[in-house]
2 protein chains.
Amino acid sequence: MDEKCSCDNCELKELFVDSLEEDHMEAVCSSKKEKDYSVGEVILKERTQIREFTYLKSGLVKLFRSDPSGSEQIITIAKPMDYVSLLSVFSNDEYNYSVTALEDSVTCSLNLENLRMMMRENGGLALSLLQKMSRAADRIILDTLEIRKKHLRGRVAYLLLYFSDNVYFSSEFDLPLTRKEMAEYVGMTTENVIRTLSEFRKDGILKIYGKTIQIVNQELLRSISEFG
Amino acid sequence: MDEKCSCDNCELKELFVDSLEEDHMEAVCSSKKEKDYSVGEVILKERTQIREFTYLKSGLVKLFRSDPSGSEQIITIAKPMDYVSLLSVFSNDEYNYSVTALEDSVTCSLNLENLRMMMRENGGLALSLLQKMSRAADRIILDTLEIRKKHLRGRVAYLLLYFSDNVYFSSEFDLPLTRKEMAEYVGMTTENVIRTLSEFRKDGILKIYGKTIQIVNQELLRSISEFG
DNA sequence: CGCGGCTTTGATGTTCATCAAGTAAAGTGG
DNA sequence: CCACTTTACTTGATGAACATCAAAGCCGCG
């Protein structure tokens, strides 16, 4: 789009690096579509044709599925470099989950057929995507099992530490999820998420100002996450 | 190993079909290693170097992980064509789960480095494996979420129907899992698995002879699985 | 035959979901 | 900008679902 290929400056170029010859690189660059989303906007919708391979350039999103009764389950939270369209993309023709933005986000999409073609011609690219996808799927599966083992306090602790350690890299941050969403992620009720947070506050583990969380006693929180 | 390549007759050849040129096919064939396992034998062990790409030719296996305290969580049950070493293989250098045989099983292994090389040279092969892996991961993730939503009765019903519909294709079959393993799979206690089975028996939904299960009222079981 | 693992049932207590009710915060339209 | 509505958050009380504990029968195997 620019005079030179704008993908050259993309911090995600490494994703394809070593795998893409110059001509393919240009094909990618000219066919890619960047899109902006603000908080709450729908990026992908369940039961919808998959035509593109989409990944997250910046922001934070949630993957979830909803059932007829209207309730939702959050599958995972994804930040840049976690694949957004990892599930289903190469195995299904419809998404079996939805994605919405938890923070203002930018995605970049490639035509899936083109990508498939490139992968067929370029095994290194295919292998590199396989690796990334494998890693992403692993994380979801292991996290889910991990959460399932824990009691409510452990689940909430785990979730808070996830944001602190892997997303915001700080002991103080703004929760990108509502209490309800936290509940949908770790499989408990909204009321009990709140109750648990309140307990943590009373125990001096957290300070809570609405969505803003400050972890005061990290050590204790970690041990609750591990053994609770 | 035989006078001709023995893989020509392998029912899993299609896995590579259209993707493997003749010379690669022979490389695969001569380097592959088939192994027999009987019930209960360990096929892969957690925290162990991944050197091979292993898949299941026949039999039935469980993937699970154990924690320090000794308790185990079953990740999934795999039958032939479900990938055995799908998780981690392309993303990690150690297995993060173990695999043991639930029935007498035969596996076939390829050297992982060789396979990687073939995939680099042959994008079609890589794409085909990506597809299979994606499907397998999807199934695990969605099944886990599905199970999590349900109450105990629904979980047990779901599990029984899984065996009936997808493994044994019959309303009567021998459970390949102990009651304890069933519990480890669906996240409940052994006692409650037993209690639930007994309830189903009393309600005339099942007949139970030790490990042998006969589903009498399939319709009801399905509705319990769906709504319970 | 007796030991250990798997299975079964009952009694008890804890954890958690549900229900109810109220406060705070955040959009919405006049 | 303020009343109005809706959505998010919070706390308490209650009961249901489930884990835990205990005890006994069963079965295969050395």
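Throughout, protein chains are lettered first and strands after them, A, B, ... in sequence-line order, and every chain is numbered starting at 1.
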Next on the checklist: Parallel, tilted or perpendicular: which one describes the rings of A:F173 and A:F163, with boundaries at 30° and 60°?
Outcome noted: tilted
Checklist entry - Should the pair B:Y55 and B:F53 be assigned to parallel (<30°), tilted (30 to 60°) or perpendicular (>60°) ring geometry? => result tilted
Rounded distance (Å) that lies between atom [atom2] of [N] and atom [atom1] of [X]:
{"X": "B:L206", "N": "C:dT8", "atom1": "CG", "atom2": "C1'", "result": "16 Å"}
{"X": "A:K150", "N": "D:dC18", "atom1": "NZ", "atom2": "P", "result": "21 Å"}
{"X": "A:E184", "N": "D:dA8", "atom1": "CD", "atom2": "C1'", "result": "13 Å"}
{"X": "A:L197", "N": "D:dA8", "atom1": "CG", "atom2": "P", "result": "16 Å"}
{"X": "B:Y209", "N": "C:dT8", "atom1": "OH", "atom2": "P", "result": "14 Å"}
{"X": "B:E199", "N": "C:dT8", "atom1": "CD", "atom2": "C1'", "result": "13 Å"}
{"X": "A:I208", "N": "C:dA24", "atom1": "CD1", "atom2": "P", "result": "17 Å"}
{"X": "B:L177", "N": "C:dT7", "atom1": "CG", "atom2": "P", "result": "10 Å"}

Checklist entry - Just by modelled atom types, is the B:V39 backbone N or O under 3.5 Å from a matching donor or acceptor in the B:D104 side chain? => result yes
Next on the checklist: For a 4.5 angstrom cut-off between non-hydrogen side-chain atoms, does B:R222 reach B:D165?
Outcome noted: yes
Checklist entry - Would you say the side chain of B:L160 lies within less than 4.5 Å of the side chain of B:L175, judging by non-hydrogen atoms? => result yes
Among [options], find the nucleotide with the atom closest to the side chain of [X].
{"X": "B:T189", "options": "D:dA19, D:dT11, C:dT9", "answer": "D:dA19"}
{"X": "B:H151", "options": "C:dT9, C:dA20, D:dC18", "answer": "D:dC18"}
{"X": "A:L152", "options": "C:dA17, D:dC18, C:dC6", "answer": "C:dA17"}
{"X": "B:I194", "options": "D:dC9, C:dT8, C:dC16", "answer": "C:dT8"}
{"X": "A:R195", "options": "C:dT9, D:dT11, C:dT7", "answer": "D:dT11"}
{"X": "B:R179", "options": "D:dT11, C:dT7, D:dA19", "answer": "C:dT7"}

Short side-chain N/O contact to [N] OP1/OP2 from [X], under 4.0 Å:
{"X": "A:N192", "N": "C:dC16", "answer": "no"}
{"X": "B:R201", "N": "C:dT9", "answer": "yes"}
{"X": "B:K211", "N": "C:dC6", "answer": "no"}

Checklist entry - Base, sugar-phosphate, or nothing: which does B:S198 touch, judged by heavy atoms less than 4.0 Å apart? => result sugar-phosphate
Checklist outcome for this item: Residue pair B:K180/B:K202 against DNA chain C: nearer the 5' end by closest nucleotide is B:K180
Checklist entry - Is any side-chain N or O of B:E191 under 3.5 Å from a base N or O of D:dC18, one able to act as donor and the other as acceptor? => result no
